[in-house]
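Notes for the one structure printed next.
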Amino acid sequence: MRALLLLLTGLLLIESAPAQPLSSYVQDACPDDCFALAENGRVVSIVASRADDPVVLRAIEDLAADLERVTGRRPVVHYDTWPAEPSLVVGSLAHSPLIRELVETGQLAPGEIEGRWEAFLLQVVPDVRGADRLVIAGSDPRGTVFGIYDLSRAMGVSPWYWWADVPVPHRPALYVARTLRRTDYPRVRYRGIFINDEAPALSGWAYEKFGGFNHRFYARVFELILRLKGNYLWPAMWGRSFFEEDSLNILTAARYGIVIGTSHHEPMLRAHVEWQWYGKGPWDYTKNAATLQAFWREGIRRMKHNKAIVTVGMRGDGDEPMSEETAIELLERIIRDQRRILAEETGRDPSEIPQAWTIYKEVQDYYEKGMRVPEDITIVFTDDNWGNVRLLPPPGSPPRKGGYGMYYHFDYVGAPRSYKWINTVQIERTWEQMRLTYRHGVDRLWVVNVGDIKPMELPLTFFMDMAWDPERFTAADLPRYYERWAAEQFGPRYAAEIATLLATYTKYNARRKPELLDADTYSLHTTGSSGASSRTTGRRPPVRRPFLHACPPPTAMRSISLWPIR
């Protein structure tokens, strides 16, 4: 019970304790020569160019808001001009004339990020047009965005500041060393989440607060993904369509720079429920190919020029097997026809369009029996729905143009048993399995099924941190990760105690997920204090098993908000 009370106390600390930054390059004091982001009641201004990508210009609004959250003062944003005072310069190499000027004059050397995917550079550049500047430069627009959020997180703005109501600490003075030069880039190309099994928790909340899974809801999802340094989403799909329920959803994804896909059993960017709404006849390619092709064409047409990864292949209706036998020839024909549709609808060679084939459950049989897809299609492996990777390419396999991906689970609904209620994921398991995945060359796409997002804050943050750099952590780092994450969300005072609770909580939950508990799992009987035993009673004593108090009393639960109250 004491541990339970400590857990509840730790959870409630979120209302009062300030978040703490995971990075130390932003300081509250300046012991040496520093560049001031904020001091003496003033906050640095932001400089950008309106010629930059809209993805960057939108994120600059978040940067200004984050500086205000931390310092209490809103920075001025200057466009296409150099103010006389020190400033924070933000832009992408390809689109910002200001960043190009710094490069062309030799004041900024972007060699470490130039040509890389989503890389960023933070550097103090002295005496630019008469004043010092802290520069955030990206190799491309999303790289710039990740540099922005890297600074925000270093200032103390948790990626979960909105979703989990994590308080932002007030820091009236903020400094970085003048010698700062920070560069980074992702090792996995596409890193994202799958919102799934989202009813009733997330769906009920989304309809209550937003009126549905519309663009206002997804804007919050996209911001979270970017703050976690991800770029990819499989949208919610239980009886709903990202594309049809709000026409602004896909435009909002473009505004945030998020790449959209669909789940492993939703080919050609059509949500599963759309077949119920618009389909005619059976979901059977041997009997209804023309109707299915027309249905898929519409999925490609409505995406237009928005960024997407197209799921190819086919499973049975409702995420079931397509047929009783392994119909390799049929599935190969389906993929050929889908690629022909891609070419006809886009006017592009299919090899130029990102595609993914997920070998989930019985589809793995096709792969193991020799089925292969064109080299430009990403082959996405999967776990067994319980966190154990099923299949990986052999070490030393020749590279493929489309590379390999991994679809992983923190939540599962299906046979033989489901689990979706609370977090039962040990980051140690995730580290071991995803590290193995990366070392086998799977680095094109990582996507994790997070159910209804909450309460997966901890494992999701870890998964995205690891997708950014899978070699960043060793086994010895994992206990420290719990503590650093707890400090970031709850403050430093009780971070060690909360870290212990989080690690122990998920260890016990992973041993037996709550949905798998039943009346016979644990014995409630113990040997009596009288000392009676089988010698005196003639009966075998009951087996001693731990009895876990899985839930607090209802009165205690009333003080915990599982969803942000907006």
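What you see below is based on every heavy atom in this structure, not just the backbone, and it leaves out hydrogens, waters and symmetry mates.
In this structure, the side chain of Arg400 engages the main chain of Pro374 through a donor-acceptor pair within 3.5 Å. Judged by distance alone, with hydrogens and angles left aside, the side-chain atoms of Asn231 form a donor-acceptor pair with the main-chain N or O of Arg191 at under 3.5 Å. Of the possible donor and acceptor atoms, one in the side chain of Arg417 sits under 3.5 Å from a partner among the backbone N and O of Glu515. Side chain of Gln433 to main chain of Val389: a donor-acceptor pair is present (N/O by atom type, distance under 3.5 Å, no hydrogens or angles). Tyr175 places no side-chain N or O within 3.5 Å of a backbone atom of Arg178 that could act as its donor or acceptor partner. A side-chain donor-acceptor contact under 3.5 Å links Asp383 to the backbone of His409. Checked by atom type and distance alone, the side chain of Arg187 never pairs as donor or acceptor with a backbone atom of Ala467 at under 3.5 Å. Without hydrogens or angle criteria, Arg429 side chain to Val425 main chain gives no donor-acceptor distance under 3.5 Å.
Ionic pairing of Arg484 and Asp465 is not present here: no N-O contact between side-chain nitrogen and carboxylate oxygen is shorter than 4.0 angstrom. Salt bridge Arg189/Glu118: absent, no basic N to carboxylate O contact under 4.0 Å. Electrostatic pairing of Arg435 and Glu432 does not count as a salt bridge here, judged by no charged N lying under 4.0 Å from a carboxylate O. Looking at Glu362 and Arg315, a side-chain N of the basic residue comes within less than 4.0 Å of a carboxylate O on the acidic one, giving a salt bridge. Look at Glu488 and Arg227 and you find no salt bridge, because none of the NZ, NE, NH1 or NH2 atoms lies under 4.0 Å from a carboxylate O. Salt-bridge check for Glu223 with Arg220: passed, with a basic side-chain N closer than 4.0 Å to an acidic carboxylate O. Electrostatic pairing of Lys229 and Asp150 counts as a salt bridge here, judged by a charged N lying under 4.0 Å from a carboxylate O.
When each of Asn449, Thr382, Thr358, Asn385 is checked for a side-chain hydrogen bond (donor to acceptor under 3.5 Å, both in side chains) with Tyr407, only Asn449 meets the rule. The only option from Val135, Leu93, Leu108, Ile136 that meets the side chain to side chain contact (heavy atoms under 4.5 Å, CB included) definition with Leu121 turns out to be Leu108.
The six-membered or imidazole ring of Trp117 lies near that of Tyr190, with a centre-to-centre distance under 6.0 Å. Between Trp431 and Phe462, the ring centre distance reaches or exceeds 6.0 Å.
In this structure, the side chains of Ile258 and Tyr218 stay at 4.5 Å or more apart for every pair of heavy atoms. In this structure the side chain of Asp197 never reaches within 4.5 angstrom of the side chain of Asp452, judged on heavy atoms.
Between Pro167 and Gln489, the closest heavy-atom pair is CD-O, 4.5 Å. Residues Ala137 and Thr144 come closest through the heavy atom pair C-OG1, 4.4 Å. Across all their heavy atoms, Gly405 and Thr378 have their closest contact at N-CG2, 3.8 Å. Nearest heavy atoms, Leu224 versus Pro159: CD1-O, 3.4 Å. Across all non-hydrogen atoms, the minimal contact from Ile113 to Ser139 is O-CB, 3.2 Å. Closest of all the heavy-atom pairs between Ile427 and Pro459 is CG2-CA, 4.3 Å.
The closest side-chain donor-acceptor pair between Thr506 and Asn509, if any, does not fall under 3.5 angstrom. If you check the side chains of Asp62 and Tyr149, you find a donor sitting under 3.5 Å from an acceptor. A donor and an acceptor atom, one from each side chain of Thr311 and Glu266, are nowhere located under 3.5 Å apart. For the residue pair Tyr438 / Glu471, no side-chain donor-acceptor distance below 3.5 Å is found, with atom types taken as modelled. There is no side-chain donor-acceptor pair under 3.5 Å between Glu428 and Tyr481.
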Criterion side-chain contact (heavy atoms from CB on, under 4.5 Å) on Tyr505 and Ile422, from CA distance to verdict: CA-CA 11 Å; Tyr505 170 88; Ile422 57 177; 3.5 Å; yes

Worked verdict on Phe35 versus Leu180 for side-chain contact (heavy atoms from CB on, under 4.5 Å): CA-CA 9 Å; Phe35 178 90; Leu180 175 69; over 6 Å; no

Stepwise side-chain contact (heavy atoms from CB on, under 4.5 Å) test for Trp485 and Phe490: CA-CA 8 Å; Trp485 188 87; Phe490 299 102; 4.2 Å; yes

Derivation and outcome, side-chain contact (heavy atoms from CB on, under 4.5 Å), residues Leu67 and Ile46: CA-CA 10 Å; Leu67 279 164; Ile46 299 173; 4.2 Å; yes

CA sep, side-chain torsions, deciding dist, call: Trp468, Asp184, side-chain hydrogen bond (donor to acceptor under 3.5 Å, both in side chains): CA-CA 9 Å; Trp468 183 265; Asp184 209 351; 3.0 Å; yes

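Between Phe194 and Trp234, the ring-plane angle classifies as perpendicular under the 30° and 60° cut-offs. The aromatic rings of Phe463 and Phe410 sit perpendicular, their planes meeting at an angle over 60°, well past the 30° parallel limit. Between Tyr419 and Trp386, the ring planes are tilted. Angles from 30° to 60° get that label. Ring geometry for Phe381 against Tyr404 counts as parallel: the plane angle stays under 30°, on a 0 to 90° scale with 60° as the upper cut.
Scored by the salt bridge (Lys or Arg N to Asp or Glu O under 4.0 Å) test, Glu198 finds Arg240 as partners (sequence neighbours excluded).
In the displayed structure, Lys307 atom NZ is contacted under 6.0 Å by at most 12 heavy atoms of other residues, nucleotides or ligands.
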